[in-house]
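What follows is a set of notes on a single structure, which appears directly below.
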Protein chains: 2
Amino acid sequence: MNEQQRKPRSDGLRNRERLIEAAKEVLGQGGPQASLEAVARRAGVGIGTLYRHYPTREALFQAVYRHEVDQLIKLADELKNAADATEALRTWLHAGVALVATKRGMLGALAVVKTEASSSMYSELSAQMKLAVGQLLHRASSDGTLRTDINADDLLQTMYAFCYARQPEPGWEAQVLRLLDIFLDGLKLQET
Amino acid sequence: MNEQQRKPRSDGLRNRERLIEAAKEVLGQGGPQASLEAVARRAGVGIGTLYRHYPTREALFQAVYRHEVDQLIKLADELKNAADATEALRTWLHAGVALVATKRGMLGALAVVKTEASSSMYSELSAQMKLAVGQLLHRASSDGTLRTDINADDLLQTMYAFCYARQPEPGWEAQVLRLLDIFLDGLKLQET
DNA sequence: TTGATAAACGGAGGGTGCCTCCGTATAAAG
DNA sequence: CTTTATACGGAGGCACCCTCCGTTTATCAA
């Protein structure tokens, strides 16, 4: 039963990557009903290739979302040892807003379909996000530059709240970043 | 400048009606992205006719919604002189739930697009709903069978809350009616 | 009644997207 | 350099979107 497997083909892997990248852009802009053929075109692959790798729209959404969260986890890891812990936190949150910008398009679709597969994935990824921001927050508050009466959940909630409070207008992203910065300033302890 | 107008053609009026009726069914089932050609087919008219009367998907949605609310207003008027005021209120609220069932599919679309045209219509129709239920409520509470510490807004809010709390599952409508009935029972004053 | 004509009808047509299927190309293994 | 498991791409069939325009028909005036 131990069938020996070939190594996955390099072109296959490459195209998976390209599709995720293209989907992030196209779906981020055009919303959940954007054309999958446009995604394939942007990735420079045939439509058949897209469907082979991601048989359903939903599968593609999930892959994109998971990929984005992975990036954020990685980013948190890189920032773990940054000189300025508060600044690191700010950087990470800004990246988080960008994630929401991508996810924004997909959320509707996920909410409508609401497979138990998708919702379990959603909560799993949420937990990972919380851990990631928790690391950064802990360092920033334990070195005495940040208030200690706020936790990872509070921070993520705040970020989401800002994002969803002002979504429709174009330019909302910059606004949200501004508000988030102000909030972070409020978290800083004054060293008199 | 006082151009004399012909009377609107009877077939035109008839088809408008039919389209609304068909749209209510098709969109109520298939959600906001349902096929407009299916609507035209169901109404037994050509696709061109649909587009002439309702040039955009949004226009059709609005017309359906407005039509539904008009029905509710009319219903409230009919029930105004019913023997049992509380029962009349119950009947009306049940009809209201049916409206939400129709609207459900469209709400998403309206929320996404959010023209100021659509949102102003939305608030206008909300106000009308409030007036309608207000009539019925007033009569039921002033004849001493219902508590007086509840207003029209409370009642509509409650209805919406029940509807949106349990939407996705099939059979939700019956559940909501049951909960609503219980709530109404709670409003009744005991005549000891 | 009977034209005249404004109004409404319907569906063909051109464009796009969905998804499947399968002949062709190619990376990995021997 | 073969062999062969994998992956590729796009044609094809279907549905939908929306527009355009030749045809039909309801209204009105004579």
Side-chain angles (χ1 to χ4, degrees), chain A residues 1-23 25-64 105-106 108-109 112-113 115, chain B residues 1-23 25-64 105-106 108-109 112-113 115:
Chain A
M1 55 188 65
N2 176 1
E3 306 289 334
Q4 86 171 36
Q5 304 278 32
R6 280 191 178 187
K7 194 165 64 171
R9 278 175 57 160
S10 53
D11 51 352
L13 265 49
R14 178 168 38 78
N15 282 337
R16 279 181 101 79
E17 289 274 325
R18 283 189 185 171
L19 280 167
I20 294 289
E21 198 59 35
E25 294 165 14
V26 172
L27 298 177
Q29 278 209 330
Q33 81 296 356
S35 156
L36 295 191
E37 299 203 320
V39 173
R41 278 197 295 275
R42 176 147 208 150
V45 306
I47 183 65
T49 296
L50 184 153
Y51 275 97
R52 194 165 349 87
H53 286 301
Y54 307 103
T56 68
R57 185 173 287 264
E58 174 96 355
L60 181 58
F61 288 171
Q62 291 197 11
V64 171
M106 297 180 295
V112 164
V113 182
T115 344
Chain B
M1 54 190 63
N2 178 0
E3 305 290 335
Q4 84 171 35
Q5 304 279 32
R6 279 192 177 184
K7 194 165 64 171
R9 280 176 56 159
S10 52
D11 51 352
L13 265 49
R14 178 168 38 76
N15 283 337
R16 280 181 100 79
E17 289 274 326
R18 284 188 184 172
L19 280 166
I20 294 289
E21 198 60 36
E25 294 165 14
V26 173
L27 298 177
Q29 277 209 330
Q33 81 296 353
S35 155
L36 294 191
E37 299 202 321
V39 173
R41 277 196 296 274
R42 176 149 209 147
V45 305
I47 183 65
T49 297
L50 184 152
Y51 274 98
R52 194 167 349 87
H53 286 302
Y54 307 104
T56 67
R57 183 174 287 265
E58 173 96 355
L60 181 58
F61 288 171
Q62 291 196 12
V64 171
M106 298 181 294
V112 165
V113 182
T115 344

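From a predicted model like this one, the values you see are computed outputs, not experimental measurements. In what follows, every chain begins at residue 1, and chains take the letters A, B, ... in the order their sequences are listed.
Scanning both residues, A/Leu27 and A/Ala34, for their nearest heavy atoms gives CD2-CB, 4.0 Å. Contact between A/Leu36 and A/Leu50 at its shortest, heavy atoms only, is O-CD1, 3.4 Å. In plain terms, the two heavy atoms of A/Gln33 and A/Gly30 that are nearest each other are NE2-O, 3.4 Å. Scanning both residues, A/Ile20 and A/Ala63, for their nearest heavy atoms gives CD1-CB, 3.5 Å.
Remark: C1' of C/dA28 and CG of A/Leu13 are 13 Å apart, rounded to the nearest angstrom. Distance A/Gln33 CD to D/dC17 P: 13 Å, rounded to the nearest Å. With rounding to whole Å, B/Ile47 atom CD1 is found 8 Å from D/dC17 atom C1'. The separation between A/Lys7 atom NZ and C/dA27 atom C1' is 10 Å, rounded to whole Å. The distance between atom CG of A/Leu50 and atom P of D/dC8, rounded to the nearest whole Å, is 11 Å. With rounding to whole Å, A/Arg14 atom CZ is found 13 Å from D/dA7 atom P. The separation between B/His53 atom NE2 and C/dA7 atom P is 13 Å, rounded to whole Å. What separates CD of B/Glu58 from P of D/dC18 is a distance of 12 Å, to the nearest Å.
For B/Arg6 and C/dT5, a side-chain-to-base donor-acceptor distance below 3.5 Å is present, hydrogens and geometry of angles not being considered.
Nearest to the side chain of A/Arg52, among D/dA7, D/dC17, D/dT27, sits D/dA7. The side chain of B/Asn15 lies closest to C/dA8 when the candidates are D/dG10, C/dA8, D/dA5. Out of D/dA26, D/dC18, D/dG9, the shortest distance to the side chain of B/Asp11 is found at D/dA26. Looking at the side chain of A/Arg9, the nearest of the listed nucleotides D/dA26, D/dA7, D/dC18 is D/dA7.
Contacts of B/Gly48 with the nucleic acid, taken as non-hydrogen atoms under 4.0 Å apart, include base atoms. At the heavy-atom level, B/Thr49 lies under 4.0 Å from base atoms of the strands shown.
Here the straight-line distance linking atom CG of A/Leu60 with atom NE2 of A/His53 works out to 11.5 Å at 0.5 Å rounding. Taken to the nearest 0.5 Å, the OG1 atom of B/Thr56 stands 7.5 Å off from the CD atom of B/Gln62.
For the segment residues 35-44 of chain B, no residue has any heavy atom less than 4.0 angstrom from an atom of DNA chain C.
OP1 and OP2 of D/dA7 both lie 4.0 Å or more from every side-chain N or O belonging to A/Arg16.
Each of A/Arg42, A/Arg41, A/Arg18 was scored for a salt bridge (charged side-chain N to carboxylate O under 4.0 Å, His left out) with A/Glu25, with one residue passing: A/Arg42.
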